[in-house]
Amino acid sequence: MKKYFYITTTLPYVNDKPHIGFASEIVLADARARFEGSLGKEVVFNTGTDEHGAKIWQKAREEARDVQEYVDEYAAKFDELKKMLNLSYTNFIRTTDEKHLRAVREMWKRVDQNGYIYKKKYKIKYCIGCELEKTDSELIDGCCPLHPGKELEIIEEENYFFKFSAFQEKLLELYKDNPDFVIPQKRLNEISSFVERGLEDFSVSRLKEKMPWGVPVPGDDSQVMYVWFDALTNYISTLGWPDDKENFEKFWGTEENPNAVQIAGKDNLRQQSAMWQAMLIAADLPTSKQVFINGFIGVDGQKMSKSLGNVISPKEMVAKFGVDGTRYLLLTKGTFGEDSDISWEKLTGKYNSDLANGLGNLVSRVIVLSGDLDFKTSGSDSVFSEEDVKMMNKMNMDKILDNIWNIVREDNKYIEDRKPWELKKENQEEFEKVMKKLVSDLYHISQLLTPFMPETSEKIKKALETKERVILFEKIR
RNA sequence: CGCGGGGUAGAGCAGUCUGGCAGCUCGUCUGGCUCAUAACCAGGAGGUCGCGGGUUCAAAUCCCGCCCCCGCAACCA
């Protein structure tokens with residue numbers, strides 16, 4: 001029976017250039033998608049862009065540009081990542097796509113019909129200095145940190161709310177019945193105790209006159225949907241829901257067999273593993289199967305931020321380390337789910353020792369040594385072990401890669417022990433035996449690398465065929 | 001306050017569930033090798049496993065107490 005695999009990243013908000021954290025998220029998703037594909041599954045790998053909201057609208061206005069044109073430009077920038085990082089995503093959904101808008105309206109209607117949407121007046125704190133709404137968490141001593149002297153204005157507004165509070169029990173049940181629902185475990189604990197403490201309904205619309213750049217609320221022209229209803233629904237609108245039921249069930253799954261795997265940064269824990277799941281339940285749809293929560297990337301022990309000037313962008317990384325170098329570094333930056341700390345120095349060190357001196361040098365010496373010997377290399381179908389599959393199911397790709405590098409180390413040692421350059425002169429038969437093992441190891445490595453470093457994998461295979469010397473990774477000085 | 005996660009060599013981490021020589025990668029020092037990208041291999045130095053107590057023939061691991069760091073209501077990858 002054909003198996004189907006679905007994975008989706010979060011949708012980045014298009015008000016800035018692609019961020020290294022998102023690059024990490026999408027490369028992990030890509031490796032996972034390619035891995036599952038190699039197991040013979042049909043894969044939908046979804047990503048895209050979140051394009052509605054006040055910030056974008058304001059920015060476009062400031063630059064006196066048409067909003068759609070403005071978001072088109074940014075969406076293209078994110079789509080460029082595909083080439084830049086050699087991504088294999090099958091779907092790129094934009095929240096301004098017609099099929100998405102249709103799905104969002106349907107989602108709203110269903111949740112509304114089930115009685116989980118209601119209208120409520122509430123008070124917003126508004127800072128006159130910033131001309132922006134402020135949430136309590138943004139305030140210091142009850143004041144806007146940027147305008148500490150000014151009183152906040154309290155504005156009353158009527159908006160639609162989602163009855164999040166009605167889903168406490170069901171969410172807790174979901175977490176309890178599926179101990180792997182959120183990976184890593186500690187994030188499941190965190191979200192569980194968050195839900196246990198009680199949930200507050202959240203607002204899902206804004207007044208259109210204040211924020212026109214969004215999806216109109218069905219049946220109420222004065223209101224526009226707020227980010228959650230709109231953006232989160234992309235995970236299913238991308239599959240053609242609600243029109244294409246077959247495709248939806250194949251990939252998103254059913255209530256008995258949920259099939260959707262999501263990956264997100266830790267800042268998105270609540271949105272993905274609680275709010276979105278509650279929305280799905282509210283619309284009588286199956287929940288996700290699993291949500292992977294990635295840690296943050298810091299630079300030299302500090303938060304990456306523009307004001308500190310320590311931002312490392314995916315583009316810069318690719319310029320320095322190449323596509324596969326960047327993929328490797330992002331995939332091995334640390335244990336999945338933990339925060340990690342990078343710096344140009346550390347990245348360069350790892351690149352040089354693992355890629356240039358490690359794998360690259362090994363390929364180079366084996367190719368040269370094997371000279372005109374001709375071995376047939378052929379691969380078995382299942383290159384990955386049970387253990388690998390287990391680790392992949394927890395997104396512990398750094399461990400799988402570490403195991404591959406153990407082969408690299410062993411082979412370097414093996415060459416040292418057997419001294420094939422001497423055998424070549426003294427014992428042709430033994431020489432061929434030694435080289436055969438090395439060549440077949442390299443071929444095996446190239447197969448193992450396919451999901452993680454597709455280009456390198458190909459280059460190794462080609463070098464084994466043509467016997468042409470390759471510098472896979474130029475050493476960086 | 002409380003809940004959750006963490007503290008192991010200069011750096012980054014594994015090991016803790018199930019007690020049994022404290023391990024891996026990077027860096028560093030010494031030696032070897034010359035096929036290779038000044039790459040590779042071997043050996044060494046470097047640890048009161050956060051602190052204090054307890055159980056045990058034996059504790060990084062189990063028990064008790066304490067200290068420190070991180071996260072915990074919504075733009076956030």
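Per chain, numbering begins at 1; letters A, B, ... match sequence-line order. Note that the structure is a prediction, hence the values are computed from the model and not measured.
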| When rounded to the nearest Å, what value does the distance between P atoms of B:C68 and B:G52 take? | 16 Å
| query | Contact class for A:L199 vs. all strands (heavy atom < 4.0 Å): base, sugar-phosphate, or nothing? | reply | base
| Paired nucleotide for B:A42 [Watson-Crick or G-U wobble; both distances under 3.5 Å] | B:U30
| query | What integer number of Å spans the P atoms of B:G7 and B:A60? | reply | 15 Å
| request: Just compare B:G32, B:C72, B:A77 and give me whichever is closest to any side-chain atom of A:H19. | output: B:A77
| said: Between B:U34 and B:A39, how many Å separate the two C1' atoms, rounded to a whole number? | reply: 11 Å
| said: Rounded to whole Å, please give me the gap between CD1 in A:I415 and P in B:A39. | reply: 17 Å
| Would you say the ring centroid of A:Y74 lies under 6.0 angstrom from that of A:Y70? | yes
| With sugar-phosphate meaning primed atoms plus P, OP1 and OP2, does A:G349 contact a base, only sugar-phosphate, or nothing at under 4.0 Å between heavy atoms? | nothing
| Can you tell me how far P of B:A39 sits from CG of A:D354, to the nearest Å? | 14 Å
| task | Check every strand shown and say whether A:K413 touches a base, only sugar-phosphate, or nothing at a heavy-atom separation below 4.0 Å. | result | sugar-phosphate
| request: Would you classify A:W228 as touching base, sugar-phosphate or nothing, given that sugar-phosphate means primed atoms plus P, OP1 and OP2, and contacts are heavy atoms under 4.0 Å? | output: sugar-phosphate
| message | Taking A:R94 first and then A:E51, would you say they form a salt bridge - that is, a charged N and a carboxylate O separated by under 4.0 Å? | response | yes
| query | Looking for any heavy atom pair under 4.0 Å, which part of the strands does A:E196 touch: base, sugar-phosphate only, or nothing? | reply | nothing
| query | What is the distance from NZ of A:K399 to C1' of B:C13, rounded to the nearest Å? | reply | 10 Å
| field | Nearest-angstrom distance, P atom, B:G46 to B:G5 | value | 36 Å
| said: Rounding to an integer number of Å, can you tell me how far A:R197 CZ sits from B:G4 P? | reply: 11 Å
| request: Write down the distance separating the P atoms in B:C41 and B:G4, rounded off to the nearest Å. | output: 45 Å
| request: Using the ring of A:F194 (Phe, Tyr or Trp, six-membered ring only), decide whether A:R270 places NZ or CZ under 6.0 Å from its centre and within 45 degrees of its axis. | output: yes
| query | Would you say the side chains of A:T332 and A:D398 form a donor-acceptor pair under 3.5 Å? | reply | no
| query | Using atom C1' of each nucleotide, how far apart are B:U56 and B:C62 to the nearest Å? | reply | 10 Å
| field | Nearest-angstrom distance from the residue atom CD1 of A:I367 to P of B:C35 | value | 17 Å
| Comparing A:N189 and A:K350 on RNA chain B - which has the more 5′ nearest nucleotide | A:N189
| B:C69 to B:C63 separation - P atoms, rounded to the nearest Å | 25 Å
| task | For A:K346 and B:G10, give me the distance from atom NZ to atom P, rounded to whole Å. | result | 15 Å
| request: Taking atom P in both B:A45 and B:G54, compute the distance separating them and give it to the nearest angstrom. | output: 33 Å
| query | Once you round it to whole Å, what is the distance between C1' of B:A36 and CD of A:E422? | reply | 15 Å
| field | Polar side chain donor-acceptor pair, A:D324 to A:T456, under 3.5 angstrom | value | yes
| query | Relative to the ring of A:Y226, is the ring of A:W228 parallel (under 30°), tilted (30 to 60°) or perpendicular (over 60°)? | reply | perpendicular
